[in-house]
S.K.: 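Pasting in a structure now, in structure tokens, and then I'll have a few things to ask.
Quantities reported herein were computed from a predicted structural model and do not represent experimental measurements.
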Amino acid sequence: MKHRKNVFITMFLCMSSFGLAQDENRDTKQHPELSKVVQSWANKLSGELWHFGEMVTRKDQVKNSFKDTTIVVEDGDSLLTDIHERISNMMKQKVEAVRRIMDIAEQAAKAQKEDDININFQFYNAKNLTNSAQNITGSDENELNDLASSQDIRYDDSLLGSLQIEQSYHQKMPPEGVEIYQRDQSPLDNRDIIYETDIEITEDVEKHPQASQTQPVDKTMLPLYKNKHFYNIPVNINNSAVHVPSNVYERSKDVISGIMWSEELDKTFRNNYKLDPTLSWQYFGSSTGFMRQFPAMIWSQQPVDLFDCRTRSWYIEAASSPKDILILVDRSGSMTGGSFSGMRREIARHVVHNILDTLGNNDYVNIYTFSNTTDPLIECFSGKLVQANLGNIRILKESMSDFKTEQIANFTLALATAFEILAEYRESKLGANCNQAIMLITDGSQDNYKDVFEKYNWDNLPVVTVRLFTYLVGREVSDPRDVKWMACANQGYYVHLSTYAEVREEVLHYIPVMARPMVLNANQKPNPAWSPVYADVTDPKLTNWLWVNRQRFTQRDRYLIFSKYKDLMSPNEIDKKFVHQQKLKQDHYGETQTYNLMTSVSLPVYDKKPRQERVANLLGVAGTDVPIEYIQRLMLPHRLGVNGYGFIVTNNGYILTHPDLRPVYQGILKPAYNRVDFMEVEILDDDSEPRRFNEEIRDLRKKIIMQKKGNITLRVKSHLDDIKRIHISNRYYYYRGINDTPFSLVIVLPDKYGFYGVLPSVENDIHRLRSNDKGPHTLAQFFNGNWAIHPEWHYCKDLDDKHYFETAEEEFLYFLKKMDRPGWKWSRECDRKLITKVVADAKTTVWFSENITTTTKEDKGPMSILMALISRAQLIKQYGIVVAFMATHSGLTRWQTFPQNIDNTIYERHFHHVHNRAIDEVWYKRAVEHSYVDAGAYVYSVPHEAGKLHTGWLF
């Protein structure tokens, strides 16, 4: 669907172009009355446009509709406290859910006996699952969702009161020969028949109790149903599924052992989801490599499965404390050796890449190469450690392909350099200010360099200051005893690597070693680890590869443009043409969020099995995801108002969530999307050069990171309409830390109008409307004509997954009907204040669906006279009116369309699919801002790429 162009703009542009064309063929002479003529045209056009806007927008009627409302003043500190309380309580709920998983996991592992391990144990493998649910389409989908939700998920109350796992217990099983149906468990044909029989299972029945507890089940088949809570992915909310990395043998004893005892977690997963239906994915990542995820789903292996939970930020940050890592890479001539030319060097490079993959924003790292000299891999990183964010990690990886092998290795100089850099950071309390380690990658050593360790690392034996991990590379190596001794003498770990395939698995052994102090300190409960924002991609390296390819194609396109136009255009013109083409590409892809952004909270799971000798084993990490969009809904956007917003900053100063966080460019994740600093999105109006921040914003950043509480007023630059329009204004910042997290909350309110809200009149209060009107659907009757609500706001949310709603409006009406019934009680499903506001706005603006050309006897303006002379259809056609719309502070949008001016031969998304975000729309923001410049003016908006198929906007 495409709209016609506004007639006024068309006539003006055509007249201007004609005049310029005539001027080229004659001498220009200044007519004495020309300025008056032009001024007359301008006044006439201005008057007509103003009256046209008054007629179309019905401004006076809108004002009269809201004249009985009350203006209320919002207190910034109180608003900050309310939002903080909502987010803090939500995060506490997620932490408690993860603690339950952690406790049950430790108890289950402790209860498992060596004789219970069955190498042939069958489990739901996420990579081999087949959906056994019947295929359904169209109208059958709602029926299927009702059927799939007709029973609650299995729920164990006993787990809430006790964390003890019984050796014998009762389990409900069907009689022999009868198939049982439960949600997500059996074919639809048996859905109406449920048999329950109590059967007691004890250790005396069979040697292997787990085998006796379950009927033989085909673990390759599982009914999966689309669930809107899990991004419409087909899932099974009664079972978890296991993912095993490609480099891990799933039938090894350690892996099978963990898979068997972790099956007990299904009960806890279900109970958590029952207690908190807003929970997203729950999971347990094992130190052996497998990950158990709830609910079960089919794991996509396209284009290739590179996922390993042990390299994800939520696992790394929970498994070990922040650390300073200095990597020493042997670049002596012998590193070129091997069965193939440069094989040892390539294995070393692979080792470095895998070590870097295990680091996060709380870690600091650097790489030095050594032969007869010791040099930093990157010259500007000399003598320092850099934060292990995505940007720095990417540079370090790219630089590893450049180093050359030569000379003989000087281990003494290399180790001394590493110890001195780490000592400087330790004494200055810089870097991670926690654990420190050296990663030594070499093909052999002729000495153990005991004197170096005595000088730098053995001051406080038996505790060493810096751990040393050694990686011996190559098939044919000299005596490995010295390399192994260095690692063991410095409380590290020794690995011998001879092939590429074993690198990742062997490198990851250092993580449990770094976690040993926390495991041994059993009296202190671990603190939950919150990850930085990340996208739901199976492997970040894949998106980085896509980005590199995009850059290569961009350079190629630029070269082709230059070759084609170098003789016809100047360099500046060629650059402008290239930028224009890139803009068209960006408009094509847009900033559409094709990735789901989230943060995770996780806790380590320790081995507490009693042994004669004390063992510090890390079993894995338990966690759950918290979608960023869910956090944004808790920020009360309807109270922050137009041009007001909230955001969260991590302990590193990076953005967790912010309205100006744009992680995607032309459909690809940006390489450093999760290290956008707070100061890079809040730009002061101080004429500073890019990335040159003044003390005022630096001081604010420091206070926010340190989780101080306060407020400040700043003059900042903000942008609208995809950075096409820049606005400068004063903003009020209120900030405070979020309890028991590394995050800080900030809300921003604009000057002049940011502290004012609207309170509905008493007669429009939802409680009075429910008590006064006794007709059917009394609340829904106000939502007539074309209307929409803000799709990203929390009005009401069905938390039991028993109903499927195509749109937010459909779900909203469902709850309005429930409110009309006797006995309705407010719950966490609905935001009471927001519902009250949107119902009042709907009643107040119910007239909007009426004919916009209706006039009264008092209307004597030019438009009223013109409307009286021509028919409604002629008026609409002459002025090219396509759609008339309005929006309110509660997120309600109403509109009217005029199909006679719509070209149906050209497809275009409908208005309410594109512009349904009310106060977050550009036209709403611009109108509010401009009203403080000229309260009586209308804002006309013409697209920057205006052409014959584009439409002008009036608001």
S.K.: Checking ring pair (Phe, Tyr, Trp, His ring centres under 6.0 Å) between Phe284 and each of Tyr315, Trp261, Phe269, which is the one that passes?
M.R.: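 Exactly one option meets the ring pair (Phe, Tyr, Trp, His ring centres under 6.0 Å) with Phe284, and it is Trp261.
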S.K.: Going by atom types alone, do Ser600 and Asp625 pair a side-chain donor with an acceptor below 3.5 Å?
M.R.: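 Checked: Ser600/Asp625 side chains pair up, N/O donor to acceptor below 3.5 Å.
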S.K.: Can you find a side-chain donor-acceptor pair between Arg292 and Ser240 that sits under 3.5 Å?
M.R.: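 Arg292 vs Ser240: donor-acceptor pair found between side chains.
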S.K.: Quick check for you: to the nearest 0.5 Å, what is the distance between Arg475 atom CZ and Asp443 atom CG?
M.R.: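 These two atoms lie 15.0 Å from each other.
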S.K.: As a quick check of understanding, evaluate side-chain contact (heavy atoms from CB on, under 4.5 Å) for Glu506 and Tyr471, giving each step before the final call.
M.R.: CA-CA 9 Å; Glu506 296 298 334; Tyr471 301 89; 5.9 Å; no
S.K.: Tell me, do Met291 and Val242 make a side-chain contact under 4.5 Å, heavy atoms counted?
M.R.: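 Contact flag for Met291/Val242 side chains = no.
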S.K.: Using side chain to side chain donor-acceptor pair (under 3.5 Å) as the criterion, list what pairs up with Gln436, not counting sequence neighbours.
M.R.: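 Partners of Gln436 by the side chain to side chain donor-acceptor pair (under 3.5 Å) criterion, ordered by chain and then number, come out as Asp324, Arg426.
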S.K.: Are the side chain of Ser428 and the backbone N or O of Glu424 linked by a donor-acceptor pair below 3.5 Å?
M.R.: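 Pair found, side chain donor or acceptor close to backbone of Glu424.
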S.K.: For the residue pair Phe453 and Trp485, categorise the inter-ring angle as parallel (less than 30°), tilted (30 to 60°) or perpendicular (more than 60°).
M.R.: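 If you compare the ring of Phe453 with that of Trp485, the planes turn out tilted.
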S.K.: Looking at every heavy atom in both Leu619 and Ala109, which two are closest together, and how far apart are they?
M.R.: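 In this case the closest contact between Leu619 and Ala109 is CD1-CB, 3.5 Å.
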S.K.: So does Arg310 pair up with Asp308, basic N to acidic O under 4.0 Å?
M.R.: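 A salt bridge is present here (some side-chain N lies under 4.0 Å from a carboxylate O).
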S.K.: Assign the ring pair Phe419 / Tyr456 to parallel, tilted or perpendicular, where the plane angle (0 to 90°) is split at 30° and 60°.
M.R.: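 Judged by the thresholds at 30° and 60°, the geometry between Phe419 and Tyr456 is parallel.
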S.K.: Report the relative orientation of the aromatic rings in Trp530 and Phe743; use parallel for angles under 30°, tilted for 30 to 60°, perpendicular for over 60°.
M.R.: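 Taking Phe743 first and then Trp530, their aromatic rings stand perpendicular (interplane angle over 60°).
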S.K.: Are the side chains of Ile421 and Lys384 in contact, using a 4.5 Å heavy-atom criterion?
M.R.: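 A side-chain contact under 4.5 Å is absent here.
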S.K.: Rounded to the nearest 0.5 Å, how far apart are CG of Asn433 and CG of Asn362?
M.R.: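 So the CG of Asn433 and the CG of Asn362 are separated by 12.0 Å.
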S.K.: Where do Lys127 and Asp305 land on the salt bridge (charged side-chain N to carboxylate O under 4.0 Å, His left out) test, with the steps shown first?
M.R.: CA-CA 9 Å; Lys127 293 199 270 188; Asp305 180 25; 3.0 Å; yes
S.K.: For a salt bridge (charged side-chain N to carboxylate O under 4.0 Å, His left out) check, start with the C-alpha distance between Lys253 and Glu114, then their side-chain angles and the critical distance, and finish with the verdict.
M.R.: CA-CA 10 Å; Lys253 185 176 179 179; Glu114 189 72 20; 2.4 Å; yes
S.K.: List the atom of Pro627, the atom of Met598, and the distance in Å for their closest heavy-atom pair.
M.R.: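 Shortest heavy-atom separation between Pro627 and Met598 comes out as CA-CB, 3.9 Å.
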S.K.: What closest approach, in Å, do Ser287 and Leu618 show between heavy atoms, and which atom pair accounts for it?
M.R.: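 Between these two residues, the closest heavy atoms are OG-O, 2.9 Å.
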S.K.: Given the rule in the side-chain hydrogen bond (donor to acceptor under 3.5 Å, both in side chains) test, do Asp740 and Asn527 qualify, once you have shown the distances and angles that lead to the verdict?
M.R.: CA-CA 9 Å; Asp740 301 319; Asn527 294 322; over 6 Å; no
S.K.: Salt bridge (charged side-chain N to carboxylate O under 4.0 Å, His left out), that's the test. Do Lys110 and Asp607 meet it? Break it down for me.
M.R.: CA-CA 7 Å; Lys110 183 178 179 180; Asp607 184 357; over 6 Å; no
S.K.: Does a side-chain N-to-carboxylate-O contact under 4.0 Å join Lys92 and Glu96?
M.R.: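 So Lys92 does not pair with Glu96 through a salt bridge.
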S.K.: Please determine, by modelled atom types, if Asn389 and Tyr654 share a side-chain donor-acceptor pair under 3.5 angstrom.
M.R.: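 Yes.
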S.K.: Carefully, step by step, assess Phe290 and His243 under the rule ring-ring contact (aromatic ring centres under 6.0 Å, His included).
M.R.: CA-CA 6 Å; Phe290 77 85; His243 172 271; over 10 Å; no
S.K.: Where do Ser445 and Asp482 come nearest, in terms of heavy atoms and distance?
M.R.: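 Taking Ser445 first and Asp482 second, the nearest heavy atoms are O-OD2, 3.8 Å.
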S.K.: Would you tell me whether Asn361 and Gln387 have side-chain atoms, one donor and one acceptor, within less than 3.5 Å of each other?
M.R.: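 Note: Asn361 and Gln387 side chains miss the donor-acceptor criterion.
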S.K.: If we only count heavy atoms from C-beta on, is the Ile256 to Asn118 side-chain gap below 4.5 Å?
M.R.: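 Not touching, per the 4.5 Å side-chain cut-off.
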S.K.: Taking atom types as modelled and ignoring hydrogens, do the side chains of Ser602 and Glu317 form a donor-acceptor contact shorter than 3.5 angstrom?
M.R.: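 There is no such pair (donor and acceptor under 3.5 Å, judged by atom type) between the side chains of Ser602 and Glu317.
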S.K.: Under the criterion side-chain contact (heavy atoms from CB on, under 4.5 Å), I'd like the reasoning laid out for Val626 against Thr599: C-alpha separation, chi angles, the key distance, then a yes or no.
M.R.: CA-CA 5 Å; Val626 182; Thr599 182; 3.9 Å; yes
S.K.: Evaluate the ring planes of Tyr510 and Phe469, with Trp represented by its six-membered ring, and classify them as parallel (under 30°), tilted (30 to 60°) or perpendicular (over 60°).
M.R.: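 Tyr510 vs Phe469 ring planes: perpendicular.
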S.K.: Just wondering, more than 12 heavy atoms not from Lys609 lying within 6.0 Å of its NZ?
M.R.: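 Counting neighbours around NZ of Lys609, more than 12 heavy atoms of other residues, nucleotides or ligands fall under 6.0 Å, so yes.
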S.K.: Any heavy-atom pair between the side chains of Thr311 and Leu508 that's under 4.5 Å?
M.R.: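 Yes - at least one pair of side-chain heavy atoms lies under 4.5 Å apart.
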S.K.: Tell me, do Asn410 and Thr374 make a side-chain contact under 4.5 Å, heavy atoms counted?
M.R.: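 The answer is no, as the side chains (C-beta and beyond) never meet within the 4.5 Å cut-off.
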S.K.: Could you check if a side-chain atom of Val507 sits within less than 4.5 angstrom of a side-chain atom of His350, using non-hydrogen atoms only?
M.R.: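 Of all side-chain heavy-atom pairs linking His350 with Val507, none is under 4.5 Å.
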S.K.: Between Thr470 and Tyr493, is there a side-chain donor-acceptor contact under 3.5 Å, judged purely by atom types and distance?
M.R.: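 Looking only at side-chain atoms, Thr470 and Tyr493 do not form any donor-acceptor pair under 3.5 Å.
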S.K.: For side-chain contact (heavy atoms from CB on, under 4.5 Å), just list the numbers for Leu472 and Val495, CA-CA rounded to whole Å, side-chain angles, deciding distance to a tenth of an Å, and then say yes or no.
M.R.: CA-CA 6 Å; Leu472 186 63; Val495 172; over 6 Å; no
S.K.: Before you tell me yes or no, could you show the steps for Trp314 and Tyr283 under ring-ring contact (aromatic ring centres under 6.0 Å, His included), namely the whole-Å CA-CA distance, both residues' side-chain angles and the distance that decides it to 0.1 Å?
M.R.: CA-CA 11 Å; Trp314 56 265; Tyr283 39 79; 4.5 Å; yes
S.K.: If you look at every heavy atom in Gly289 and Val248, which pair is closest and at what distance?
M.R.: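 So the minimum-distance heavy-atom pair works out to CA-CG2, 4.4 Å.
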S.K.: Taking everything shown except Arg251 itself, do over 12 heavy atoms lie less than 6.0 Å from its CZ?
M.R.: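 Enclosed.
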S.K.: Are side-chain heavy atoms of Asp266 and Arg270 found at a separation under 4.5 Å?
M.R.: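 They are in contact (side-chain heavy atoms under 4.5 Å apart), so the answer is yes.
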S.K.: For a quick check under 3.5 Å, do Asn271 and Arg100 share a side-chain donor-acceptor pair by atom type?
M.R.: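 There is no such pair between these side chains.
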S.K.: Taking side chain to side chain donor-acceptor pair (under 3.5 Å) as the test, write out the residues that go with Ser332, two or more places apart.
M.R.: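 Residues passing side chain to side chain donor-acceptor pair (under 3.5 Å) with Ser332: Asp330, Ser334.
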S.K.: Side chains of Tyr368 and Ser382: closer than 4.5 Å at any heavy-atom pair?
M.R.: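 Yes. Closest side-chain heavy atoms under 4.5 Å.
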S.K.: So does Asn739 have more than 12 non-hydrogen atoms from other groups sitting under 6.0 Å from CG?
M.R.: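 Check passes, neighbour count above 12.
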S.K.: How close do Glu505 and Asn247 get, heavy atom to heavy atom, and via which atoms?
M.R.: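 Nearest heavy atoms, Glu505 then Asn247: OE1-ND2, 3.3 Å.
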S.K.: So, Asn652 and Asp677: side-chain donor and acceptor under 3.5 Å apart, yes or no?
M.R.: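 No - no donor-acceptor pair under 3.5 Å links their side chains.
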S.K.: Quick one: do the Thr373 and Arg331 side chains pair a donor with an acceptor below 3.5 Å?
M.R.: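 There is such a pair (donor and acceptor under 3.5 Å, judged by atom type) between the side chains of Thr373 and Arg331.
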S.K.: With sequence neighbours left out, what residues match Glu427 under salt bridge (charged side-chain N to carboxylate O under 4.0 Å, His left out)?
M.R.: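 Per chain and number, Glu427 pairs via salt bridge (charged side-chain N to carboxylate O under 4.0 Å, His left out) with no residue.
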S.K.: Check for a donor-acceptor pair, side chain of Glu106 on one end and backbone N or O of Tyr606 on the other, with a separation under 3.5 Å.
M.R.: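 Judged by distance alone, yes, a pair lies under 3.5 Å.
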S.K.: Decide ring-ring contact (aromatic ring centres under 6.0 Å, His included) for Tyr673 and Tyr534; before the verdict, give the C-alpha distance in whole Å, the side-chain angles of both, and the deciding distance to 0.1 Å.
M.R.: CA-CA 8 Å; Tyr673 71 94; Tyr534 67 94; 8.7 Å; no
S.K.: Walk me through whether Ile511 and Thr358 qualify under side-chain contact (heavy atoms from CB on, under 4.5 Å).
M.R.: CA-CA 9 Å; Ile511 297 174; Thr358 64; 4.2 Å; yes
